[in-house]
Amino acid sequence: MNSPQQLFQPNPLVRSSVMQSSLARRVPTNLITPRVVRPILLDAGEDKTPQANGERVKLLGYYGPSLSMNGGRGLVLLLHGWEGCSHSTYNMTMGDRLLRAGFEIFQLNLRDHGPNIHFNKYALNRGIFNGTLIDEVAEATHQIAQMAGDKPFYIIGASMGGSFAMRLALRHSQTPFHNLKQVIGICPAIDPEAAVRSIDKHALYLKYFRKQWLGSLIAKQKLYPDLYDFRPLLSMPTVFEMTDWWSAHYTGFQGAHDYYAHYTIAADGFRDLKVHTSIIHAANDGVIPVQNFYDLEPNPLLDLHIHPNGGHVGFIDLFPFHHYLPDLVMNILDVS
């Protein structure tokens, strides 16, 4: 299950998890991605959240056509992490590398996520985002896969987007996606409760994710004051406590344990895998415990690429400054 690959060994000055994750937010100046992608609004099926009132789910994505003269090498769906979006730095650098290599890309925004360029991301749907909403992401993915035509289709997701990518790989075993050739998860949150426990133990990660999530929830509340009142969360010091209250009040689950259990991938969860799936992870990731992946039961279609350094969706080096995550992905992307 462990696949040989040159290990990422950055400059010692930037090997810490916090340094990796912090530097990863720095945007290169020569990206072509923002200049070529165009918005597409998808109908992702019936809205199954408790706040919905018969609406259809609307998910915003950004499509980038291949720059190749011969029509391209395939279409890659990119899925962002929690409180990230299509235009997060790691998504834009990955998209840039894929476009330059001759791929088409589709950067899908999960519900209540997005760059707020063309639409208010919180106004697209009354119902609120939660990590169990795989059905709407799968419906959007089926539509996006059809855009590949007769070319290969790939899925790449980071962090929570990696969790969705892994679950899409598993769903492919029952309801195949058109021409799906490979799925790659980057630091995927396959055990969300373990991830949140890690966040709550680290002051900087806790401050960041708590602030980002609270900001999103308050923005949603302002648009739909008749549906939401998140004021009790303001006094809760940890993400786990916030999730416990929020999930019981607004997602239909009994609390945090129940909520997380509904999208955790068990150790034997990849048993029925039918598509080549790879996981890229850093042993010093401060958010996703590396033990999650060592506990997985082997499968010939599942490859692990565990690097000693890289932080959480980081993989940054200095002298010169460089985002190495696209290199790591391209090294394992199956384009044969």
Side-chain angles (χ1 to χ4, degrees), residues 8 10 14-26 78-85 88-91 93-94 110 113 129-132 156-167 184-217 236-244 246-247 256-257 259-261 263-267 269 278-296 304-316 323-325 328-329:
F8 174 67
V14 294
R15 286 186 182 176
S16 76
S17 176
V18 171
M19 186 66 73
Q20 283 289 312
S21 299
S22 299
L23 289 174
R25 301 176 65 184
R26 177 177 167 183
L78 296 174
L79 298 171
H80 60 81
W82 185 38
E83 293 301 323
C85 73
S88 291
T89 304
Y90 54 85
N91 250 10
T93 56
M94 187 68 63
L110 303 173
H113 293 73
F129 171 79
N130 75 72
T132 72
I156 300 175
S159 195
M160 178 169 276
S163 165
F164 276 94
M166 297 296 99
R167 285 178 280 158
I184 300 175
I186 301 159
C187 308
I190 63 173
D191 184 340
E193 180 164 345
V196 166
R197 296 291 192 185
S198 294
I199 289 171
D200 285 342
K201 291 178 182 177
H202 198 294
L204 290 178
Y205 288 126
L206 173 59
K207 180 179 179 181
Y208 173 79
F209 282 107
R210 188 177 180 278
K211 179 181 178 181
Q212 293 296 112
W213 191 25
L214 271 175
S216 293
L217 293 176
M236 297 180 188
T238 67
V239 175
F240 184 87
E241 291 175 89
M242 293 169 63
T243 306
D244 197 46
W246 163 84
S247 59
H257 294 298
Y259 165 63
Y260 291 135
Y263 69 104
T264 295
I265 299 177
S278 299
I279 291 173
I280 299 173
H281 191 62
N284 73 337
D285 187 328
V287 175
I288 310 295
V290 69
Q291 192 60 44
N292 290 350
F293 307 107
Y294 290 138
D295 290 340
L296 293 175
L304 289 182
H305 303 269
I306 307 295
H307 299 266
N309 305 288
H312 186 60
V313 196
F315 301 99
I316 304 297
H323 288 263
Y324 266 95
L325 187 53
L328 299 178
V329 168

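Hydrogens, waters and symmetry mates play no part in the numbers below; they use all other heavy atoms, side chains included. We count residues from 1, following the sequence as given. On a predicted model such as this, the values are computed, not experimentally measured, just so you know.
Looking at residues two or more places apart in sequence or on another chain, you find no side chain to side chain donor-acceptor pair (under 3.5 Å) involving Asn91. Partners of Ala194 by side-chain contact (heavy atoms from CB on, under 4.5 Å), not counting sequence neighbours, listed by chain and number: Asp191, Pro289, Asn292. Applying the salt bridge (charged side-chain N to carboxylate O under 4.0 Å, His left out) rule to Arg26 yields no partners; only residues at least two apart in sequence or on another chain are considered. The side chain to side chain donor-acceptor pair (under 3.5 Å) check on Thr238 picks up Glu241, with sequence neighbours excluded. For Ser216, the side chain to side chain donor-acceptor pair (under 3.5 Å) partners are Glu83, Tyr122, not counting sequence neighbours. When the ring-ring contact (aromatic ring centres under 6.0 Å, His included) test is applied to His80, the partners found at least two apart in sequence or on another chain are His113. Scanning for side chain to side chain donor-acceptor pair (under 3.5 Å) contacts around Gln212 gives an empty result, with sequence neighbours left out. By the ring-ring contact (aromatic ring centres under 6.0 Å, His included) test, Phe315 pairs with Phe8, His307, sequence neighbours left out. In this structure Tyr259 satisfies the ring-ring contact (aromatic ring centres under 6.0 Å, His included) test together with Trp246, Phe253, Tyr263, sequence neighbours excluded.
Among residues at least two apart or in separate chains, salt bridge (charged side-chain N to carboxylate O under 4.0 Å, His left out) pairs with a member in residues 195-215 are Glu193-Arg197.
In plain terms, the two heavy atoms of Arg167 and Thr132 that are nearest each other are NH1-CA, 4.0 Å. Shortest non-hydrogen contact noted between Ser21 and Gly311 is OG-C, 4.3 Å. Between Thr89 and His323, the shortest heavy-atom distance links the atoms CG2-CE1, 3.7 Å. Of all non-hydrogen atoms in Val313 and Cys187, the two that sit nearest each other are N-SG, 3.5 Å. Closest of all the heavy-atom pairs between Gly131 and Phe164 is O-CZ, 3.5 Å. Of all heavy-atom pairs between Ser247 and Ala256, the closest is OG-N, 3.4 Å.
The shortest side-chain heavy-atom distance between Leu296 and Ile279 falls under the 4.5 Å cut-off. With contacts defined as side-chain heavy-atom distances shorter than 4.5 Å, the pair Ile280/Ile184 qualifies. Side-chain atoms of Leu328 and His305, non-hydrogen and from C-beta on, never get closer than 4.5 Å to each other.
A distance-only check finds a donor-acceptor pair linking the side chain of Asn284 to the backbone of Arg15 [under 3.5 Å]. Not one N or O on the side chain of Gln20 forms a donor-acceptor pair closer than 3.5 Å with the backbone of His312. Under the 3.5 Å distance criterion, the side-chain polar atoms of His281 are matched with a main-chain donor or acceptor of Ile288. With Tyr90 contributing its side chain and Leu325 its backbone, the two residues share no donor-acceptor pair below 3.5 Å.
Separating the CG atom in Asn130 from the CG atom in Leu110 is a distance of 11.0 Å, to the nearest 0.5 Å. For the atom pair CD1 of Ile186 and CG of Asp285, the computed distance is 12.0 Å after rounding to the nearest 0.5 Å. The distance from atom CE of Met166 to atom CD1 of Ile265, rounded to the nearest 0.5 Å, is 7.0 Å.
Trp82 pairs with exactly one of Tyr205, Tyr208, Phe209 by the ring-ring contact (aromatic ring centres under 6.0 Å, His included) rule, that one being Phe209.
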